[in-house]
Amino acid sequence: MSLVSREQLIQMARRNLAHVKAGTVDQAADVYRVPAENYYDPDRGRLEVERIFKRLPLVLGFSAELAEPGAYRAMQVADVPVLLTRGTDGEVRAFLNVCSHRGAVVVAEGTGSARRFTCPYHGWSYDSDGGLVGVFRAQDFGEVDKSCLGLTALPVSERSGLIFGVLTPGISVDFDAFLGGYDEILAHLKLDACHLVGRQEVEGPNWKVAYDGYLDFYHLPVLHRNSFGPKMPCEALYDAWGPHQRVTMPNPHYIELEGKPEEEWESADLVAGVWTIFPHVSIADFEAGGKLFMVSQLFPGPSADESVTVQNFLSVLEPNEEREAANVEMMKFLERVVRDEDYFTGNRIQKALKTGAKSDVLFGKNEGGGQSFHRWVDALIQTGDEELPDLFARGIGV
Ligand code: FES
């Protein structure tokens with residue numbers, strides 16, 4: 001973890017402290033309007049999948065679940081079958097999970113450890129580097145050049161305990177430009193040292209209706225009044241690295257940092273808040289069997305009206321029986337809150353907006369995070385492949 005990134009965390013804490021003392025938060029310049037149809041128009045939905053989810057790095061997995069050489073994870077991501085592996089050389093690789101023979105999905109969804117992956121249709125087999133290593137009755141295919149018939153590789157990069165991958169093979173990707181140093185900040189969460197202790201899925205509305213909620217503290221004491229809301233403030237501070245945003249509340253606890261030498265400021269205090277990774281991830285932490293991160297991955301569903309959220313739970317402490325019980329309880333609570341409060345409301349929003357009752361929805365000056373998110377979505381769907389690196393280099397001025 002670099003000193004520069006720690007210095008950035010300290011600067012953010014200082015800014016937060018100044019707001020606490022002044023009783024203020026930052027405000028966006030104006031109220032921002034998002035056309036209501038952006039949330040349900042099928043053409044817009046398809047464009048977002050093609051230009052955002054199929055072109056940008058997504059968080060596909062975690063170092064914690066591919067800890068050892070031979071570990072793998074197979075999954076569907078936005079209708080794309082993906083296989084992640086850690087090779088014998090320790091490198092993480094990503095592939096389209098599609099057989100070179102006649103296109104069967106090679107590895108069933110799930111996690112495990114394997115040296116070989118054998119296609120269930122006719123038995124061709126692949127190694128963890130994606131190479132074709134076995135052809136059943138090879139003589140029936142004449143001279144087989146196995147070197148040309150491996151699994152199709154996807155761009156991938158493992159950073160700060162997260163495995164980023166792109167769903168389109170052969171696409172040129174600049175992970176550094178996309179992340180803009182944000183991965184170095186995320187390294188302070190130490191996700192690479194965590195243990196994956198659970199995973200569950202929640203179905204929800206359009207992915208942006210769902211994602212808006214992760215950038216919004218305004219709703220916490222109102223929508224969540226019957227769960228955790230009464231203790232929560234509704235004001236938020238945003239810090240941005242390109243499209244990626246950290247959301248924090250003005251933290252009165254930071255008053256205690258005043259007068260303490262900076263080198264004694266604990267990293268655990270400096271990383272409080274919700275860390276989002278554009279376009280689809282939110283990282284929040286809770287106290288259960290020790291510190292428990294909930295990493296939510298949002299993916300568009302089969303129509304513009306649907307999404308699926310994968311809630312991944314990463315524990316700082318090694319699980320034991322007692323901690324596991326506490327973690328399971330917290331997982332159930334978070335599933336209930338997201339399903340019965342956030343997405344219950346989101347699904348009703350989805351139907352309500354489709355009535356045409358409102359031409360636009362509003363993001364207040366206090367909802368700068370949501371404003372920035374929608375500006376980035378708009379900018380990305382209007383940007384051609386060639387201009388993408390330039391867009392990330394110059395930003396969109398918010
Ligand atoms: Fe995989 Fe035939 S489709 S072996």
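As the structure lists them, so they are numbered: ligands from 1, and atoms in each ligand from 1. Basis for what follows: all heavy atoms, side chains included, without hydrogens, waters or symmetry-related copies.
For atom 3 (S) of ligand 1, the closest non-hydrogen atom of the protein is Arg102 N, 3.4 Å.
Ring geometry for Phe53 against Trp207 counts as perpendicular: the plane angle is over 60°, on a 0 to 90° scale with 30° as the lower cut.
Taking every non-hydrogen atom of Cys119 and a distance limit under 4.0 Å, the qualifying atoms of ligand 1 come out as 1 (Fe), 3 (S), 4 (S). The ligand atoms of ligand 1 that sit less than 4.0 angstrom from a heavy atom of Gly123 are 4 (S). Heavy-atom proximity to Trp124, at under 4.0 Å, picks out these atoms of ligand 1: 4 (S). Per-residue contacts place Ala104 under 4.0 angstrom from the following atoms of ligand 1 (heavy atoms of the residue considered): 3 (S). Short contacts between ligand 1 and His101, defined as distances under 4.0 Å to a heavy atom of the residue, involve ligand atoms 2 (Fe), 3 (S), 4 (S).
Counted within 6.0 Å of OH on Tyr121, heavy atoms from surrounding residues, nucleotides or ligands total 12 or fewer; the atom is thus considered open.
Under 4.0 angstrom from ligand 1, the non-hydrogen atoms of Cys99 all belong to its side chain.
Ion pairing between a basic and an acidic side chain is recognised when a charged N comes within 4.0 Å of a carboxylate O; Glu48 and Lys208 show such pairing. Between Arg46 and Asp43, at least one side-chain N (NZ, or NE/NH1/NH2) sits under 4.0 Å from a carboxylate O, which counts as a salt bridge. Salt bridge status for Asp385 with Arg51: absent, with no side-chain N to carboxylate O gap under 4.0 Å.
Inter-residue side-chain proximity for Trp265 and Ile10 is flagged as met; some heavy-atom pair is nearer than 4.5 Å.
His122 has its closest N, O or S atom to atom 2 (Fe) of ligand 1 at the position named ND1.
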